[in-house]
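Notes follow once the structure below has been shown.
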Protein chains: 2
Amino acid sequence: MARKTKAEAAATREALLDAAEDMFMEHGVARTSLEQIARHAGMTRGAVYWHFKNKGDMFRAMLERVHMPFQDLVDEIEALEHDVSSLEAIRLACLQGLERFEQNPRSRRVHAILIHRCEFFSDIDPIAMQQEIVDECRESLYQHLLISKEQHMLVQGLSPEVATDLLQATLAGLFHDWIRDPSRFSIYERGVPLVNQLISMMRRSPDTSETN
Amino acid sequence: MARKTKAEAAATREALLDAAEDMFMEHGVARTSLEQIARHAGMTRGAVYWHFKNKGDMFRAMLERVHMPFQDLVDEIEALEHDVSSLEAIRLACLQGLERFEQNPRSRRVHAILIHRCEFFSDIDPIAMQQEIVDECRESLYQHLLISKEQHMLVQGLSPEVATDLLQATLAGLFHDWIRDPSRFSIYERGVPLVNQLISMMRRSPDTSETN
DNA sequence: TATTTTACATTCAATTGTGTATGGAAACGG
DNA sequence: CCGTTTCCATACACAATTGAATGTAAAATA
């Protein structure tokens, strides 16, 4: 086969990853062969083995295209809206995150694959990858809830640790329920009242002047 | 090979399922062959194909050994403790469920396999199975929260729909975080304060005499 | 006790996927 | 403009599983 220009080669690499997403999503990672991926992209396994070491390498590359840490969301919020409490920043970051997932089909698909369409293979450990994402999000939440506690924004009796567990579990549960079948409901429309309700229940009401 | 008695045959069936759990948990469903399962149980594939149609059939049998709907937990609570509000029944049922998962290693392992160690194969759709379990739990929660609402047990502004979403998401998130690596923390010890806090925030405080 | 099932083990044929080696034409660099 | 490298297709060797066929000895059955 004739050699392609650098731009064309990069394009086929992307096309291969797109095809991998399609097939992984439809048949699961284990049940899709590199042959199927290549065919679906209009190529042969030769192209796959040129751009990627093996299926695991391909999987990693697929994930790298959508990586997006929670802390970045908070940073964006705090950069945009200046004078906002940390609890409010968390709330807005959550809503922003929900909107991102709703509107970015690639991110949605890749996460669905990571969570529901794959298991161990070669040197890939999807559970460890999920753990990393969750830990990252959790740590970010905890830091901001610590500050919220110091600013006396949390209702009495609510420790930052429990608050973190609660928010983290709620977001994770919502996400899992949604990603299992995104066509069932809109994560944004269900998530917004959920987050608002939870945050509002966690926030100390300003009129009552309790001492902590 | 010599024929076994009925009791012995039933025992080898259980042993095969135990072996399947072991191997599925350790290597994932897709990566374990029936040969490996048979060997790990001290048998050959002949035994497997005698007791089960194929790997999918084995998987189904494995799940049937641990099935345990949420409504049963509520029923147990309401049978045991007579004079209890429906919101309190939910709370106790959740705590009971947490304890069950903590103490039943087989149930824990099988759910971990269903959620994190398998994907599509033959005629098995693990996501649909998870969906069934979740829907069942969700429906039970909703029915009891509807009653709670009618009994004016929920804080003002909290609809039974949002309350259901919230509880369901929190439980699901907690469970997912835990099942990803049960050695990281005790689902009971983290879950009890979580559930108590959430339910207490959802419960209308008895002293304030608001009208809905 | 004679016959039929049962509960496996063993063997076989066929399929499927993987990694690699090789080839070729065009793009790239000097 | 010519050698070199790149990008991919084709071909091949190899291993791993699967389902089914067959064998067999003991338990059930009547």
Legend entry - SB check B:E35 B:R39 (cutoff 4.0 Å): yes
Anything under 3.5 Å between a protein N or O and an N or O of nucleotides 28-30 of chain D, put it in a table, one pair a line.
| unit_1 | atom_1 | unit_2 | atom_2 | d |
| --- | --- | --- | --- | --- |
| D:dA28 | OP1 | B:K6 | N | 3.4 |

Inset, instruction - Sequence neighbours left out, what passes salt bridge (Lys or Arg N to Asp or Glu O under 4.0 Å) with A:R13? Give chain and number order. - result: none
Legend entry - B:R203, CZ: over 12 other non-hydrogen atoms inside 6.0 angstrom: yes
Inset, instruction - Check DNA chain C against residues 23-36 of chain B and give the residues with a non-hydrogen atom under 4.0 Å, in numerical order. - result: none
Legend entry - Partner set under side chain to side chain donor-acceptor pair (under 3.5 Å) for A:E76, not counting sequence neighbours: A:R100
Legend entry - Sequence neighbours excluded, every pair satisfying side chain to side chain donor-acceptor pair (under 3.5 Å) that has a member inside residues 166-176 of chain A: A:Q168-B:D177, A:T170-B:T170
Legend entry - Between C:dT18 (P) and A:R45 (CZ): distance, integer Å: 7 Å
Inset, instruction - Apply salt bridge (Lys or Arg N to Asp or Glu O under 4.0 Å) to B:E78 and list each qualifying residue two or more places apart in sequence or on a separate chain. - result: none
Inset, instruction - Please identify each residue that fulfils side chain to side chain donor-acceptor pair (under 3.5 Å) with A:E136, with sequence neighbours left out. - result: none
Inset, instruction - Would you verify whether the NZ or CZ of B:R117 falls within 45 degrees of the ring axis of B:F24 while also being under 6.0 Å from that six-membered ring's centre? - result: no
Inset, instruction - Could you identify which residues of residues 46-55 of chain B place a heavy atom less than 4.0 Å from some atom of DNA chain C, listed by residue number, or say none? - result: B:G46, B:A47, B:W50, B:H51
Inset, instruction - Give the rounded distance in Å between these two atoms: CG of A:D57 and C1' of C:dT18. - result: 15 Å
Inset, instruction - Go through the structure and list residues passing side chain to side chain donor-acceptor pair (under 3.5 Å) with A:D22, not counting sequence neighbours. - result: A:R109
Inset, instruction - Tell me which residues in residues 8-21 of chain B put a heavy atom below 4.0 Å from DNA chain C, sorted by number, or none. - result: B:A9, B:T12
Inset, instruction - Anything under 30° is parallel, anything over 60° is perpendicular, the rest tilted; go ahead and classify B:F101 against B:F175. - result: tilted
Inset, instruction - Write out all pairs satisfying ring-ring contact (aromatic ring centres under 6.0 Å, His included) with one or both partners inside residues 60-91 of chain B, taking only residues at least two apart or from two chains. - result: none
Legend entry - Side-chain ion pair, B:D123 and B:K55, N-O less than 4.0 Å: no
Inset, instruction - Let me know the distance between CE of A:M58 and P of C:dT18, rounded to the nearest Å. - result: 11 Å
Legend entry - ring-ring contact (aromatic ring centres under 6.0 Å, His included) partners of residues 114-143 of chain A, not counting sequence neighbours, each pair once: A:F59-A:F121
